[in-house]
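When a ligand or atom number is given, it counts from 1 through the structure's own listing order. For reference, positions follow the sequence shown, starting with 1.
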Amino acid sequence: MKNQVKKKILELKKEKNAVILAHYYAPDEVQELADYIGDSFYLAKIAKKSTADIIVFCGVYFMGESAKILNPDKKVLMPNITADCPMAHMVAEGKIEEMRKKYDDLAVVCYINSTAELKSKSDVCVTSSNAVSIVKSLPNKNIFFIPDKNLGAFVAEQVPEKNIILNDGYCPIHAKISAKEVKAEKEMHPCSLVLTHPECEGDVLAISDYIGSTAEIIDYVKASLCKEFIICTEDGVKFKLKSDNPDKKFYFPTTRPCCADMKLNTLEKLLFALETEENEILIDGKTGEAAIAPLDKMLELAR
Ligand code: 13P
Ligand code: SF4
């Protein structure tokens with residue numbers, strides 16, 4: 001049955017000149033079949049360069065939305081249009097305007113995990129793999145970092161010369177990773193290294209050997225001579241970690257970090273999207289147009 005679904009997906013993909021992009025947190029079977037798998041930054045770059053007529057984005061809504069903003073003339077579909085990132089909405093109404101009034105040299109730096117509307121009100125977007133270097137490169141002293149307070153605090157620590165104003169958003173999946181559970185894993189596996197996504201809380205970051213985006217964690221493991229790792233990010237990364245490093249061991253906190261929204265991207269839903277071309281991402285013209293500049297600025301500054 002699964003093989004039939006996969007066969008049909010591959011046939012339709014060819015017939016319709018579609019490309020399948022999957023985030024590292026998507027289910028294993030979807031990552032296995034995708035043309036490109038990666039972190040938010042890599043997938044945004046691929047979406048921008050794509051020559052396909054249809055982009056099927058196996059991730060959460062803000063990722064598909066970013067692909068659409070960068071490709072307004074292309075059809076962008078999602079296997080499940082309800083797959084959303086709760087953090088993407090976590091900026092209180094009127095907060096950006098309030099901050100702009102308070103600081104006249106303010107730069108609003110918007111983590112890509114945000115709605116198109118928030119992006120459209122921002123100066124530049126960032127992802128977890130380029131936030132530090134982009135914030136460093138801005139001429140502004142005052143930075144309002146939205147929506148993630150944890151990534152914002154991590155950036156503030158790396159770029160002490162800036163005044164970084166934090167917002168109260170967070171990723172419920174990464175915020176649930178507790179330092180106590182990480183320490184317990186470390187006691188059980190004393191030779192392991194702790195690798196952590198910057199969306200985790202400060203006390204987890206403080207006991208980590210390395211902090212990076214999902215792609216940076218994957219690259220770190222590949223290059224490391226160490227054989228055991230405690231992974232503090234969503235458990236979907238295990239697919240790539242295992243396939244790249246069959247000889248290495250990976251441990252996760254006991255309360256398994258699993259993003260239910262990312263797991264809505266099943267093979268069956270992917271087939272449905274390709275067959276019906278439903279679940280199309282549509283963005284209202286004005287918002288989409290205003291959101292292009294901050295995304296393009298990110299791609300340019302990160303080059
Ligand atoms: P990356 O930027 O590392 O892909 O992370 C995306 C994400 O949703 C993290 O929770
Ligand atoms: Fe959003 Fe967190 Fe899921 Fe990433 S893991 S998509 S930040 S809820």
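Under the 4.5 Å side-chain heavy-atom criterion for ILVMFWY residues, a single connected hydrophobic cluster contains both Ile217 and Phe229. Criterion: ILVMFWY side-chain heavy atoms under 4.5 Å apart, direct or through other members. Under it, Leu166 and Ile96 are not part of a common hydrophobic cluster. Criterion: ILVMFWY side-chain heavy atoms under 4.5 Å apart, direct or through other members. Under it, Leu267 and Met78 are not part of a common hydrophobic cluster.
Atoms of ligand 1 found under 4.0 Å from any heavy atom of Ser213, numbered from 1 in the order shown, are 3 (O).
The backbone N or O of Ser114 lies less than 3.5 Å from a partner atom in the side chain of Lys119, making a donor-acceptor pair. Side-chain N or O atoms of Asn265 include one that pairs as donor or acceptor with a backbone N or O of Met262 at under 3.5 Å.
Here the CG atom belonging to Asp235 is positioned 4.5 Å from the CZ atom belonging to Arg256, to the nearest 0.5 angstrom. Taking CD1 of Ile231 as the reference point, atom OG1 of Thr214 lies at 11.0 Å (rounded to 0.5 Å).
Residues Thr233 and Tyr25 have side chains that bring a donor and an acceptor to within less than 3.5 angstrom of each other. Side-chain polar atoms of Thr287 and Asp284 form a donor-acceptor pair below 3.5 angstrom.
With a 4.0 Å cut-off on non-hydrogen atoms, Asn113 touches ligand 1 through its side chain and not its backbone. At a 4.0 Å heavy-atom cut-off, ligand 1 does not touch Glu234 at all. Neither the backbone nor the side chain of Tyr24 comes within contact range of ligand 1; no heavy atom lies under 4.0 Å.
Of the protein's non-hydrogen atoms, His197 NE2, 3.4 Å is the one closest to atom 5 (O) of ligand 1. Taking atom 4 (O) of ligand 1 as the reference point, the nearest protein heavy-atom neighbour is His23 NE2, 2.7 Å. At the shortest separation from atom 6 (C) of ligand 1 among protein heavy atoms lies Ser40 OG, 3.3 Å. Closest to atom 9 (C) of ligand 1 among all protein heavy atoms lies Glu199 OE2, 3.0 Å.
The closest approach between any non-hydrogen atom of Phe41 and ligand 1 is not below 4.0 Å. The shell of residues lying under 4.0 angstrom from ligand 1, judged by heavy atoms, excludes Glu216.
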Candidate pair Glu97 and Lys102, rule salt bridge (charged side-chain N to carboxylate O under 4.0 Å, His left out), full reasoning: CA-CA 9 Å; Glu97 293 75 9; Lys102 199 164 168 189; over 6 Å; no
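Note: no N/O pair closer than 3.5 Å links Asp39 and ligand 1 by distance alone.
In this structure, Lys8 does not pair ionically with Glu11, as no charged nitrogen and carboxylate oxygen lie closer than 4.0 Å.
Around atom 1 (Fe) of ligand 2, the protein N, O or S atoms closer than 2.8 Å are Cys85 SG, listed by chain and residue number.
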